[in-house]
Amino acid sequence: MQYDFKKIEKKWQQKWDEAKAFAAVTDPSKKKFYALIEFPYPSGDGLHVGHTRPYTAMDVVSRKRRMEGYNVLLPMGWDAFGLPTENYAIKHKIHPEIVTEKNINRFREQVKALGYGIDWDREINTTDPNYYKWTQWIFLKMFENGLAYKKKTTVNWCTSCLCVLANEEVVDGSCERCGAPVVQKEKEQWMLKITAYAERLLNDLDEVDYIDRVKTSQRNWIGRSVGAEVLFATTAGDELKVFTTRPDTLFGVTYMVIAPEHPLIDKWAEQITNMDAVRAYREQAATKSDFERSQLAKTKTGVKIEGIRAVNPANGEEIPIFVSDYVLLSYGTGAIMAVPAHDTRDYEFAKTFGLPIVEVVAGGDISQEAYTDCENGVMVNSGFLNGLTVPEAQKKIVSWLADNGKGEPKVNYKLRDWIFSRQRYWGEPIPVVHCEHCGYVAVPEDQLPVTLPHVDSYEPTETGESPLANIAEWVNTTCPKCGGPAKRETDTMPQWAGSSWYFLRYLDPKNDEALASPEALNYWLPVDWYNGGMEHTTLHLLYSRFWHKFLYDIGVVPTKEPYKKRTSHGFILGEGGEKMSKSRGNVINPDDIVNQYGADTLRLYIMFIGDFEKTAVWSNSAIKGCARFVEKVIALSEKVKPGKEYSKELESAMHKTIRKVTSDIEELKFNTAIAALMTLANRMAEVGGANEAEFETLLKLLHPFAPHITEELYEKYNKGMLVTSAWPTYDEAKCVDETVEIAVQINGKLRGTVVIPAAAEKDEAFAAAKAEEKIAAALAGFEIVKEIFVPGRLVNFVVKPAK
RNA sequence: GCCGCUGUGACGAAAUGGCAGACGUAACGGACUUAAAAUCCGUGGGUAGAAAUACCGUGCCGGUUCAAGUCCGGCCAGCGGCACCA
């Protein structure tokens with residue numbers, strides 16, 4: 001047969017469409033499987049070969065599950081708001097809507113060419129007003145529940161995009177998207193109180209099946225620290241509150257440090273005798289970006305506050321207070337108690353400023369360095385804590401602080417609230433108006449969506465306001481509460497908004513009464529298996545878990561967690577091991593591969609390329625192996641022998657391969673599943689061809705990976721489509737051969753092999769091994785001290801020279 | 001600095017503590033061909049040897065075990081993330 005993959009692939013994609021083979025029906029009488037892939041940002045570059053790795057993987061799993069009888073949902077959509085489209089629109093004076101539509105059409109065509117079993121009737125697009133109506137609705141619910149609030153804060157400001165960036169969007173002090181420097185700027189921003197969910201986001205990780213590295217990075221990102229808040233009296237009268245994880249070292253506090261932005265500095269301005277120096281330091285710190293601060297981290301800087309001193313609550317001693325930018329206002333209380341003997345940063349600072357260093361945990365050498373790794377040490381120089389171990393001292397001091405009203409146990413998180421505003425055009429408008437009388441007022445639900453107005457210019461204003469601020473007729477409105485004049489919020493939402501809940505909309509994408517019907521939500525949730533990139537572990541994944549938990553709290557969704565299982569794939573690098581990029585000229589376009597080899601070969605190769613979870617290097621020659629494999633299967637189809645039962649010579653190979661492919665797919669071991677199929681095909685060729693029963697099984701096992709050609713070859717059996725056929729089953733008892741070749745070792749070294757019946761007991765194995773000529777010779781003159789038998793594997797004789 | 005991941009043939013990689021290198025690529029030898037491509041058969045970790053075979057071999061050092069790529073302890077190198085989080 002001439003392998004005309006273009007014709008074959010088109011034919012089957014049409015047939016699947018006509019048969020509605022991938023339509024997922026909400027039907028509680030059927031067991032469901034909801035598979036989710038991260039929906040792409042439809043960039044102007046088109047689909048990247050890297051996209052095909054996760055997509056193909058989830059399609060393989062979905063097709064297998066469908067054949068196993070599950071009601072499968074595998075949806076697709078477009079995360080289409082975002083900066084590149086807006087920047088393109090600015091440059092080419094084309095409306096982002098038009099650019100987006102064009103890009104989506106291209107992406108859809110490319111994705112369809114790969115033959116994924118997607119229910120296209122559920123396609124969504126985050127920039128569709130019917131979609132973002134519900135993004136806005138969720139925001140309003142958060143606003144109503146006090147989780148969305150406006151706050152003046154220093155924000156990351158991209159000097160090129162003229163836009164606020166989330167901390168997560170700043171990479172090495174530069175804008176993640178355009179690479180321009182990022183500076184600090186004060187701005188009023190909408191914030192989402194994700195920190196209110198920190199504890200649950202952390203604890204509920206125990207209830208989900210995420211791969212370990214995903215859980216670990218979420219835990220690290222949330223960054224829970226257990227400690228205490230301690231109140232220090234000051235000579236100014238105010239108390240200075242600090243957070244510490246080491247309250248046991250309280251007697252070792254020799255000075256305090258507050259962040260340059262700490263509000264008490266202003267309050268104390270009159271009493272600080274060197275306020276000029278403090279102000280100067282403060283201004284200097286403010287102009288530095290976070291990046292510069294961390295670059296300068298090697299040498300500690302700071303200014304001592306003259307005229308005010310703090311009092312150590314443990315021993316009543318007066319200690320100096322410093323201002324230094326190594327203390328961050330945004331974590332804890334913006335102030336610390338410094339224990340130079342047991343903290344490296346405090347140690348460095350104390351050395352720079354010649355401050356006393358008092359050892360309170362014995363065991364280190366504080367003349368050389370801070371002794372930090374001291375959980376097992378014993379307290380010294382610590383009054384009533386002396387002689388206690390560190391954990392004992394911690395317990396005792398915390399209750400002492402509480403009893404004396406000087407502190408209390410406290411848990412802190414690294415996780416910060418989510419800066420939710422962007423000063424851009426191409427995003428969801430934040431559905432709030434500002435009224436001079438009533439303040440910020442929610443747009444009433446029945447007025448949603450607040451749609452983006454059409455404008456001529458998408459360029460941000462120089463003051464950093466959104467382009468929307470220039471449209472007077474849109475901005476000026478009336479207050480929904482008092483009817484007086486009001487102004488619309490001109491900030492838009494970040495790209496993470498639409499992707500925080502999209503998996504819910506797939507369940508009921510055309511509903512205009514609710515984001516999805518309770519029936520659909522109850523049936524399909526949670527997502528059974530979500531695969532996506534590691535780069536989304538701390539942002540998208542955390543944000544969407546947060547939104548989902550909120551929706552759970554207000555009774556919209558029935559599950560605490562959105563995703564039952566989360567896995568992650570590795571990147572695809574260009575030939576030569578470098579990242580694919582236009583400038584390197586090593587970008588692989590999936591279209592070219594589909595044209596040259598067909599979608600089935602691309603699908604096979606991208607799954608065969610290596611360990612799914614690890615980075616893989618694309619190879620233009622290695623893909624030929626997969627093309628040859630497809631040809632080999634076609635060749636096998638031409639010499640299929642009659643036979644409805646597995647033949648003796650292939651029987652155990654059939655059962656073993658079914659077992660391996662079935663479990664490998666579930667374990668993300670797609671590469672070895674394909675290797676097993678190749679081995680089986682080779683074996684079939686060796687024995688002069690498979691019979692019908694055997695060949696059909698091969699086609700079924702191969703179908704999730706190479707759906708088109710397998711359908712084509714299956715067609716002649718007149719048994720309907722493989723898509724709706726049943727996944728092959730295996731019999732554990734038939735996975736064994738009658739005889740096995742086992743290794744014979746002497747003192748752990750391989751000395752030969754011997755063929756024995758698979759069911760042989762150990763005595764039979766030992767006898768057979770000893771009967772082998774070479775083994776007998778090697779054993780001569782030795783005394784056997786121990787005999788080990790591993791069924792199906794080996795025997796090992798432990799020997800020593802005979803007396 | 002901290003956290004995570006990874007070190008196995010020329011290359012991509014396999015291997016519930018049990019015969020290291022399955023499967024595939026490139027390469028080489030042969031068949032077919034006027035020739036090439038394609039295809040088919042074979043070789044395919046290193047060293048020594050004509051060969052049988054022997055010894056060595058999974059980043060390095062040590063340990064546990066009858067048996068270690070795999071487990072434990074200590075390093076080294078590369079990649080990714082976080083970065084003064086008190």
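We use all heavy atoms of the structure for the numbers below, so side chains are in, but hydrogens, waters and symmetry mates are not. Every chain is numbered from 1 and lettered A, B, ... according to where its sequence line falls, protein lines coming before strand lines. Nothing here was measured: the structure is a model prediction, and the numbers come from that model.
Among the atoms of the strands shown, none is found under 4.0 Å from any heavy atom of A/Tyr413. Using a 4.0 Å heavy-atom cutoff across all strands shown, A/Ala622 reaches sugar-phosphate atoms only and no base atom. Within the 4.0 angstrom heavy-atom criterion, base atoms lie near A/Thr753. Heavy atoms of A/Val617 sit nowhere under 4.0 angstrom from any nucleic acid atom. Looking at heavy-atom distances under 4.0 Å, A/Lys410 makes no contact with the nucleic acid at all. A/Arg751 comes within 4.0 angstrom of the backbone, heavy atoms only, and of no base. Note on A/Glu741: a base of the nucleic acid sits closer than 4.0 angstrom, heavy atoms only. Within 4.0 Å (heavy atoms only), A/Asp611 reaches sugar-phosphate atoms of the nucleic acid but no base atom. The residue A/Ile609 sits close only to the backbone: its heavy atoms come under 4.0 Å of sugar-phosphate atoms, none of a base. Across all strands shown, A/Asn682 has heavy atoms under 4.0 Å from sugar-phosphate atoms exclusively, and none from any base. As judged by a 4.0 angstrom heavy-atom cut-off over every strand, A/Glu613 is placed among residues making no nucleic acid contact.
The side-chain heavy atoms of A/Lys300 and A/Lys351, taken from C-beta on, include no pair separated by under 4.5 Å.
Only one option out of A/Phe705, A/Tyr597, A/Phe670 pairs with A/Leu604 in a side chain to side chain contact (heavy atoms under 4.5 Å, CB included); it is A/Phe705.
Applying the 4.0 Å criterion to OP1 and OP2 of B/rA86, one finds that A/Ser225 has a side-chain N or O inside that range. In this model, the phosphate group of B/rC3 is not approached by any side-chain N or O of A/Lys414 to a distance below 4.0 Å at OP1 or OP2.
Between the side chains of A/Asn620 and A/Glu575, at least one donor N or O lies within less than 3.5 Å of an accepting N or O. With no hydrogens or angles considered, no side-chain donor-acceptor pair links A/Ser225 and A/Asn412 at under 3.5 Å. No hydrogens or angles considered: a donor-acceptor pair under 3.5 Å links the side chains of A/Lys632 and A/Asn682. With no hydrogens or angles considered, no side-chain donor-acceptor pair links A/Glu613 and A/His569 at under 3.5 Å.
Closest to the A/Thr245 side chain, of the nucleotides B/rC19, B/rG24, B/rA86, is B/rA86.
Comparing A/Thr672 and A/Asn796 against RNA chain B, the residue whose closest nucleotide sits nearer the 5' end is A/Thr672. Mapping A/Asn671 and A/Gly792 onto RNA chain B by nearest heavy atom places A/Asn671 closer to the 5' end of the strand.
As the counterpart of B/rC2, B/rG81 is assigned, both hydrogen-bonding distances of the Watson-Crick or G-U wobble pattern falling under 3.5 Å. Base pairing analysis places B/rG73 opposite B/rC61; the two distances defining the Watson-Crick or G-U wobble pair are each below 3.5 Å. Across all strands shown, B/rA35 remains unpaired; no Watson-Crick or G-U wobble contact has both distances below 3.5 Å. In this structure B/rU53 sits in a base pair with B/rA48, meeting the Watson-Crick or G-U test at under 3.5 Å.
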Taking it one step at a time, do A/Ser568 and A/Arg213 satisfy side chain to side chain donor-acceptor pair (under 3.5 Å)?
-> CA-CA 9 Å; A/Ser568 218; A/Arg213 58 199 172 118; 4.7 Å; no
Chi angles and distances behind the side chain to side chain donor-acceptor pair (under 3.5 Å) call for A/Tyr326, A/Asp346 = CA-CA 9 Å; A/Tyr326 86 91; A/Asp346 297 346; 2.8 Å; yes
Check: protein-nucleotides 36-43 of chain B nitrogen or oxygen pairs below 3.5 Å:
unit_1: B/rU39; atom_1: OP1; unit_2: A/Arg628; atom_2: NE; d: 3.3

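Regarding the sugar-base torsion, B/rG9 falls in the syn class, its angle being within 90° of 0.
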